[in-house]
There are 2 protein chains.
Amino acid sequence: MEKRPADIIAKDLEERIFDGTFSDGDRLDEVRLAEQFGVSRTPFREALQRLARSGLVELIPRRGAFVRQPGPVELMEMFEVMAEVEAVCGRLAAKRISDDALNDLREANIKCQAAVDQRDHIAYYAENERFHQIIYTQSGNSFLASEARALHRRLQPFRRQQLRLRGRMAQSMTEHRAVVEALESGDSEAAANALRSHVAIQGEKFHSLMATLRKAGE
Amino acid sequence: MEKRPADIIAKDLEERIFDGTFSDGDRLDEVRLAEQFGVSRTPFREALQRLARSGLVELIPRRGAFVRQPGPVELMEMFEVMAEVEAVCGRLAAKRISDDALNDLREANIKCQAAVDQRDHIAYYAENERFHQIIYTQSGNSFLASEARALHRRLQPFRRQQLRLRGRMAQSMTEHRAVVEALESGDSEAAANALRSHVAIQGEKFHSLMATLRKAGE
DNA sequence: AGTCAAGCTTTAGTATACAAGAATTGCTTC
DNA sequence: GAAGCAATTCTTGTATACTAAAGCTTGACT
């Protein structure tokens, strides 16, 4: 895609925020980090502003850039929005999806099932990804699809963890099947509801997972 | 709020794109415009990147910044998403809205009605604005509310025109009342449907308005 | 001894200078 | 005369130098 320094830096910083190298509240020193990346402050600042737009860092005037991890409340809100966005994609896709895309969905689900049988988280994750991307595209609204992808991407690191929960993959599969059924029959409301609860459950699972981790950490 | 040069420039440029000073495909010359704004290229470029994020300009590497007005297809898509977003806000607000906010909505509607009676587009616009803002807030999801406001703002210049259409204000009022009724009775689905069609109609009206203008221009 | 102010240091914001890439124009050749 | 190539010029992207503002420290005065 793009290979300008600012893009690379933005992506790299994003990665480091996600993987915990930078934690909440950390100040991102322009001179130090720019030097570390081997560029001057100008493109580095460009990257910072990009991250600020996506909500990963907060840019306080005359103070600097600070890492801004979403707190539990904001995360719950984002999952709720994701659930509703997917519901909307499903509602529209039910009326607009092509037969080819339906086949692709079924195929993705078959591979998902294979991954469940082999307890292969990575493979499951990849096919699950494909499943959702197809639905975004088949909403027939490219603006909606791109918004959905942006939010999906932003929640990725949080969604990833909860797949490891016991039985979650199998449960997720069942939900996927309900989605495909609704889309097959062109039932907008059913598709919307199936997708909403599918994603909402992810949010809830993540929430309880966090609570558990917090407890263990004390 | 903010009063940094880049913010002012971004807002000013946005204004000029909206009011037609810059039209689709125009290149925004960095040196010329920066000089015109009385700043150097650095803060001006910052403003450009901000506009690129909101989709108003396209930043082609090593080529420059070009005004990018959404075409008819993209606009329809955006209105569709706006309709669905408002529907979601309504769905959530139906369960979460406070009595105070309900009163505010009724009050806004009364003022809307007064504006309709006086054929006062400006007053109607202001109160209509308030009406929708309240619903965003009462979704109880600040992340959703902020996304809704961003899209609302982006569609503002396009929505504004169609209020002048004969009888549109009165029709809009009726739709508002249906929304309030649904929220009063806590009926999520009814609220969602009322808001979805309310906004969808705006999109359709805008579309036909554009078709008319295009015809007249030929 | 505590508090307030002044200046000192640090750092964000801005300007300018420099480098690299793309486009256009003019020249040469077929 | 047209087409292709090269050079020049214009413009974006990057680095660096400068400015100004915010916070901290130190010193003086109460």
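Lettering follows sequence order; numbering is per chain, from 1. Since the model is a prediction, treat every value here as computed from it, not as a measurement.
Here B:Arg16 pairs with B:Asp12 in a salt bridge; the nearest charged N to carboxylate O distance falls below 4.0 Å. A salt bridge does not link B:Lys11 to B:Glu15: none of the charged side-chain nitrogens sits closer than 4.0 Å to a carboxylate oxygen.
Two residues, A:Arg63 and A:Ser40, neighbour DNA chain D, and the one matched to the more 5' nucleotide by heavy-atom proximity is A:Ser40. Nearest-nucleotide positions on DNA chain D for B:Val31 and A:Gly38 put B:Val31 closer to the 5' end.
Residue A:Arg32 is classed as having no contact, given no heavy-atom separation below 4.0 Å to the nucleic acid. When heavy atoms are screened at a 4.0 angstrom cut-off, A:Val39 is found touching the sugar-phosphate backbone but no base atom.
Side-chain N/O atoms of B:Asp19 and B:Thr21 include a donor and acceptor closer than 3.5 Å.
Between the CZ atom of B:Arg45 and the C1' atom of C:dA17 there is a distance of 15 Å, rounded to whole Å. With rounding to whole Å, B:Glu35 atom CD is found 14 Å from C:dT16 atom C1'. Put simply, CZ on A:Phe44 is 14 Å from P on C:dT11, counting in whole angstrom units. Rounded to whole angstrom, the span from the CD1 atom of B:Ile8 across to the C1' atom of C:dT14 amounts to 14 Å. Between the CG atom of A:Leu28 and the C1' atom of C:dT11 there is a distance of 14 Å, given to the nearest Å. Here C:dA15 presents its C1' atom at 12 Å from CZ of A:Arg41, a figure rounded to the nearest Å. Rounded to whole angstrom, the span from the CD atom of A:Glu30 across to the P atom of C:dT14 amounts to 12 Å. Here the P atom of nucleotide C:dG13 and the CD atom of B:Glu46 are 8 Å apart, to the nearest Å.
Distance check, rounded to the nearest 0.5 Å: CG of B:Leu28 to CG of B:Leu33 gives 6.0 Å.
A salt bridge (Lys or Arg N to Asp or Glu O under 4.0 Å) with B:Glu80 is found for one member of A:Arg96, A:Lys95, A:Arg91 and no other, namely A:Arg96. Partner of B:Arg106 under the side-chain contact (heavy atoms from CB on, under 4.5 Å) criterion, chosen from B:Asp104, B:Leu102, B:Asn109: B:Leu102.
Applying the salt bridge (charged side-chain N to carboxylate O under 4.0 Å, His left out) test to residues at least two apart or on different chains, the pairs with a partner in residues 123-146 of chain B are B:Glu127-B:Arg130.
For B:Arg62, taking side-chain heavy atoms from C-beta onward, the closest of the listed nucleotides C:dG21, C:dT11, C:dT14 is C:dG21.
Scanning DNA chain D 5' to 3' for nucleotides with an atom closer than 4.0 angstrom to a non-hydrogen atom of chain A gives a first and last hit of D:dG13 to D:dG23.
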